Amino acid sequence: MCKTPKSYHDATSYDRHAMEPHAMDWATQPVPYKIYAKDGHSHAGGVALPEVERFPDGSLKDVYRLKMVGQSPDGPDLSELSAICSLSAGLTARSRQGNGYFYFRSAPSAGALYPNELYVAAFDIHNLDPGIYHYGGHNRFLTRIRGGNFKTFLTSTIPRLAPDSAGVFFITGIFFRSAWKYRKRAYRYLLLDGGHLLENLRLAVCAAGYGCRLHHAFKDQQIEALLGVDASREGILCAAGISGGKILNVNPDAALAPLPSRIPAASRVSEREKVYPEINDIHMAARVLKTDTPETSLAGAHPGMDAFAGSFPINMPKDDPGRLNYSQTVSNRRSKRNFVDAAIDKHALNYLLWIVSRAAGKDIEEIPGVSDCMSVGCLIGNVNGQEPGFYLLDPAKETVGRVFSGTVMEKMASVCLDQMWLKNAAVHFAFMTHLERVNQKWGARGYRYAMLTAGRLGHAVYLVATALGLGCCGIGAFYDNEARKILGIDDASAMVYLLGVGKVKG
């Protein structure tokens, strides 16, 4: 049974000497988009989003500093919602595959499987009737799931939802989209990818000029019923509120009206879907909302490592060193792994560390301490003016401390399933968590918090690397125990995500 963070993580760990053979079953390949069928049509009614005439042109640095740009005093409208959805989960590029095209999206995804879906509960968005909508990135269409204002319902379901919320975004995960390729380990990627999308969404809301608070403490079953998903195939992961609405007294609905069967049926993405008990166990256990345990502190709880040694401050850049503005960065982001053995400047490293520190800010989440569950390590291999070694980031103090000296880039590349191109990256960012403390504080749900946080912070690394003209590639596949040994973390902890950053060919 995999009902705790550690039991699931251990059950899905890779071992160099015990890898299970696996062949892709192309006959069961899942469809990459959620389709709501009605009378032979591709959607069940809703709203076509307007084309975005102008994306926010502020810098990535300014968005991370929460400098609001272009906020309407009347609150968000449909045009702004269109830009937010496009920047969060829109299509950004295509490549030829066989007789057709494959489309990439603004948020990265393991294996380009894109298991996450985006919904919005609209309360007070101009030119959009209140209701529950699903965003289709492939056709820029909001499918209406339910009509009506569900603000009171969601205020009771999400206890810390701000009274001036204009709407709430929801991110779900469709299990088989990832499990088709990654089998029982897929829940890791589902959550990491959800974190990528969540950070994209948060930044898009902030760039539009509105406040955005991330929500994790909610009642899963009620929200899944509201969204009309088949909870055996698709589960709610996180939510994000957008400010700018009026504080209204809305009469609560007596009950959620039953939905036609075609709505939950859209959660099915393949004619033959395999259920992995490990994924079902951890996800069902995570649906239990455990009260936070204050005595279990995660602040500074690095996974079995010694205290900082030889720490140095992160110098915030006076000017944004990025070559691209925020919107261009999102549009141009790609996973690039053709690293060359070349140094990057220390100011680039500082910018990466500073942005990650901002992404880990305590005012972002509605649950205090969620970002504390993730320790951010930095394996420095080739940075001008910086001694190679393993360093830990303290986001609150914006300092970095050395754990040990010397380069282990080649060893880490070997740990990452012998993907030796990774050794040429200038820096590896390693995201680590203490699985047992996370469980003590939040129960199995803490695993969801930790992995989403790793994805969010990892996406920040992706964006900065792109803005600087560097390559970046995230790695979720590695020999878990070997990674523990290299980093020197204890058995109750784990590295859950690694990203390589450096100069690339071309």
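As the structure is a prediction and not an experimental result, all values here were calculated from the model. Residue numbers start at 1 and run along the sequence shown.
Using a 30° and 60° split on the angle between ring planes, His459 and His196 fall in the tilted class, from 30° to 60°.
Of the charged side-chain nitrogens involved, at least one lies within less than 4.0 Å of a carboxylate oxygen, so that Glu224 and Arg287 count as a salt-bridged pair. Between Lys184 and Asp281, no side-chain nitrogen of the basic residue sits less than 4.0 Å from a carboxylate oxygen of the acidic one, so the salt-bridge criterion is not met. Arg448 has a carboxylate O that lies under 4.0 Å from a charged side-chain N of Asp220, or vice versa, which qualifies the two as a salt bridge. For Asp480 and Arg185, the salt-bridge test passes: some basic side-chain N is under 4.0 Å from an acidic carboxylate O. The pair Glu278-Arg183 fails the salt-bridge criterion, with no side-chain N (NZ, NE, NH1 or NH2) lying under 4.0 Å from an Asp/Glu carboxylate O. Salt bridge present: Arg233 and Asp230 bring a charged side-chain N and a carboxylate O closer than 4.0 Å. Between Arg437 and Asp372, no side-chain nitrogen of the basic residue sits less than 4.0 Å from a carboxylate oxygen of the acidic one, so the salt-bridge criterion is not met.
Tyr449 meets the ring pair (Phe, Tyr, Trp, His ring centres under 6.0 Å) test with His216, Trp442; sequence neighbours excluded. Legend: residues meeting side chain to side chain donor-acceptor pair (under 3.5 Å) with Trp180, ordered by chain and number and at least two apart, are Thr28. In this structure, the side chain to side chain donor-acceptor pair (under 3.5 Å) partners of Arg456, at least two apart in sequence or on a different chain, are Glu199, Glu365.
A side-chain donor-acceptor contact under 3.5 Å links Arg146 to the backbone of Leu226. At distances below 3.5 Å, not a single donor-acceptor pair connects side-chain atoms of Tyr182 with backbone N or O atoms of Tyr187.
Annotation: side chain of Leu457 is not in contact with side chain of Phe429 (no heavy-atom distance under 4.5 Å). In this structure the side chain of Val168 never reaches within 4.5 angstrom of the side chain of Phe150, judged on heavy atoms.
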